Visitor: 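The structure is given below, and queries will be raised subsequently.
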Number of protein chains: 2
Amino acid sequence: METAAATRGRPREFDVEEALAAALRVFWEKGYDGASLTDLTEAMGITRPSLYAAFGNKEELFKRALDLYETEKLAYVGAALAAPTARGVAQRMLEGTIANITSECRGCLGVIASVGCSNADSPIRADVRGRAQSSRAAMIERMERAIEDGDFTLPVTAEAMTQYLTAVMQGIAVQSGAGASRAELEQVAEATLAIWPGR
Amino acid sequence: METAAATRGRPREFDVEEALAAALRVFWEKGYDGASLTDLTEAMGITRPSLYAAFGNKEELFKRALDLYETEKLAYVGAALAAPTARGVAQRMLEGTIANITSECRGCLGVIASVGCSNADSPIRADVRGRAQSSRAAMIERMERAIEDGDFTLPVTAEAMTQYLTAVMQGIAVQSGAGASRAELEQVAEATLAIWPGR
DNA sequence: CAGATTACATACTTATCGGTATAGAACGTT
DNA sequence: AACGTTCTATACCGATAAGTATGTAATCTG
């Protein structure tokens with residue numbers, strides 16, 4: 001249905017992926033509510049009507065930016081879950097988190113969008129939550145296998161260890177957004193691993 | 001200087017502390033940027049000029065609300081630091097955090113204001129950060145004493161354990177804001193205590 | 001080259017933002 | 001009762017929010 005179009009009419013003068021990457025940085029810095037269309041269009045180097053023609057509206061642009069964020073910035077999650085032991089998973093997750101939130105922009109876009117959205121029943125929050133749910137499920141599965149493998153020296157549940165590790169990562173993201181140095185964040189990761197109960 | 005005034009002129013028709021408590025709830029729910037003056041005045045039951053006469057402006061109102069938050073909602077911090085062991089401190093801190101963020105409103109006002117403020121160099125962020133710094137210092141001191149007391153079964157630093165425990169609490173607050181159930185939050189606290197290295 | 005089609009650029013819409021000017025209402029003092 | 005003082009109520013301010021109408025420029029099809 002939508003495969004037609006071809007190349008009729010005036011060609012677009014900007015690169016959609018580049019513009020999207022610029023939008024992602026703005027959302028990352030300012031959050032969904034905080035990012036105005038003026039901020040976005042300036043960073044993307046396009047005009048308002050071009051943005052609406054290419055992406056629909058602000059909300060859809062944000063979702064597209066989240067897609068990009070997931071594929072580019074959250075790639076470490078998959079690699080982390082492939083670690084041979086639960087400790088390895090935790091280590092790679094923490095390292096990935098710190099690398100991610102101290103790179104281009106501070107903090108975690110998921111946390112920023114979820115916490116920073118003014119009204120609790122916003123479609124933005126629901127979207128972010130839905131995305132988080134799938135990686136949570138993957139983490140729980142991985143932790144279940146770790147329990148079967150005897151990775152833990154304590155009787156823990158997969159859900160609890162997932163929620164716990166997620167909390168530490170989110171806390172690191174909060175501290176990063178609040179201005180903590182990379183060394184301080186690494187302290188948290190090191191402490192978590194030093195405490196980690198098992199291999 | 002300001003002790004004069006007495007009771008000359010028309011008396012105020014609303015209770016300042018009550019209005020402040022209402023403002024706190026609004027800021028807590030929507031964050032600083034997200035709370036509009038319309039939201040605030042409606043919840044406080046007063047008009048705009050009354051708000052400005054009594055509190056100065058939005059920023060000062062927020063700081064007053066933060067004062068109230070600290071004295072009423074963060075009282076558990078002092079009690080937690082008085083626990084006999086580091087584990088006791090952690091337990092009371094985690095319990096206090098969960099009780100706080102699942103009571104009136106979800107999440108932690110400090111996290112919400114810090115993460116949810118659209119621009120990074122806002123006076124709001126600076127204020128929140130300054131307040132957090134003092135409790136951080138108190139926590140570090142307490143952890144130093146715990147190390148001297150031999151509370152820990154691992155070679156840890158007071159700074160690292162403080163940052164770590166703070167991260168877990170912030171993570172719990174994030175999850176609460178994202179809609180996690182109380183049971184899920186308690187899972188995190190229980191896991192943290194189960195893992196806690198020492199008494 | 002004519003026409004359809006698509007994108008860009010300027011300027012606009014309505015709504016809401018934080019903050020305030022102004023007028024009237026309620027009090028203590030004289 | 002008249003006055004100064006302080007609060008409340010309404011209506012307003014300029015700035016900015018998200019989103020769009022309109023005209024023009026650039027491409028493909030015929």
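Proteins come first, then strands; the chains are lettered A, B, ... in the order of their sequence lines, and each starts at number 1. Treat the numbers as computed from the prediction; the structure is a model and nothing was measured.
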Visitor: Taking side-chain hydrogen bond (donor to acceptor under 3.5 Å, both in side chains) as the test, write out the residues that go with B/Ser36, two or more places apart.
Guide: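 Testing B/Ser36 for side-chain hydrogen bond (donor to acceptor under 3.5 Å, both in side chains), a comparison that skips the adjacent residues, returns B/Asp39.
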Visitor: Atom pairs, N/O to N/O, protein against nucleotides 23-30 of chain C, distance under 3.5 Å?
Guide:
unit_1	atom_1	unit_2	atom_2	d
C/dA25	N3	B/Arg10	NH1	3.2

Visitor: Just grab all the ring-ring contact (aromatic ring centres under 6.0 Å, His included) pairs involving residues 96-117 of chain A, residues at least two apart or on different chains.
Guide: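 Checked against ring-ring contact (aromatic ring centres under 6.0 Å, His included) - neighbours excluded - no pair reaches residues 96-117 of chain A.
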Visitor: With sequence neighbours excluded, tell me which residues meet ring-ring contact (aromatic ring centres under 6.0 Å, His included) with B/Tyr164.
Guide: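 Scan of B/Tyr164 (ring-ring contact (aromatic ring centres under 6.0 Å, His included), adjacent residues dropped) gives none.
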Visitor: Write down the distance between CZ (B/Phe55) and P (D/dT8), rounded to a whole number of angstrom.
Guide: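 So the two atoms are 11 Å apart, to the nearest Å.
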Visitor: On the nucleotide C/dC8, are OP1 or OP2 found under 4.0 Å from the side-chain N or O atoms that A/Ser50 carries?
Guide: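 Checking A/Ser50 against C/dC8: at least one side-chain N or O falls below 4.0 Å of OP1 or OP2.
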Visitor: Can you list every ring-ring contact (aromatic ring centres under 6.0 Å, His included) pair that touches residues 71-114 of chain A, not counting sequence neighbours?
Guide: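 Residue pairs passing ring-ring contact (aromatic ring centres under 6.0 Å, His included), neighbours aside: none found.
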Visitor: With sequence neighbours excluded, what pairs up with B/Tyr52 under the ring-ring contact (aromatic ring centres under 6.0 Å, His included) test?
Guide: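 If we apply the ring-ring contact (aromatic ring centres under 6.0 Å, His included) test to B/Tyr52, skipping adjacent residues, there are no hits.
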Visitor: Mind checking what makes salt bridge (charged side-chain N to carboxylate O under 4.0 Å, His left out) contact with A/Arg12, not counting sequence neighbours?
Guide: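 So A/Arg12 forms no salt bridge (charged side-chain N to carboxylate O under 4.0 Å, His left out) with any residue.
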Visitor: Tell me, which of residues 15-29 of chain B have any heavy atom that sits under 4.0 Å from an atom in DNA chain D?
Guide: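 Listed by number, there are none.
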Visitor: Check side chain to side chain contact (heavy atoms under 4.5 Å, CB included) between A/Arg10 and all other residues, then give those that pass, not counting sequence neighbours.
Guide: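 Result, side chain to side chain contact (heavy atoms under 4.5 Å, CB included) vs A/Arg10: A/Glu13.
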Visitor: Once side chain to side chain contact (heavy atoms under 4.5 Å, CB included) is applied, do any residues pair with B/Glu104, and if so which ones, sequence neighbours excluded?
Guide: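 For B/Glu104 the side chain to side chain contact (heavy atoms under 4.5 Å, CB included) partners, ignoring immediate neighbours, are B/Arg25, B/Trp28, B/Lys73.
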Visitor: Specify the separation, in whole Å, of atom CZ of A/Arg12 and atom C1' of D/dA25.
Guide: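 These atoms are roughly 16 Å apart.
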Visitor: For the pair A/Glu59 and A/Lys63, find out whether any cationic side-chain nitrogen is under 4.0 Å from an anionic carboxylate oxygen.
Guide: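 Between A/Lys63 and A/Glu59 there is a salt bridge, with a charged N closer than 4.0 Å to a carboxylate O.
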Visitor: Walk along nucleotides 12-21 of chain D from 5' to 3' and tag each nucleotide B, S or - by protein heavy-atom contact under 4.0 Å, base first, then sugar-phosphate.
Guide: -----SBBBB
Visitor: For residues 147-158 of chain B, which residue pairs qualify under side-chain hydrogen bond (donor to acceptor under 3.5 Å, both in side chains), counting only residues two or more places apart or in two chains?
Guide: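 Qualifying pairs, neighbours excluded: B/Asp151-B/Arg199.
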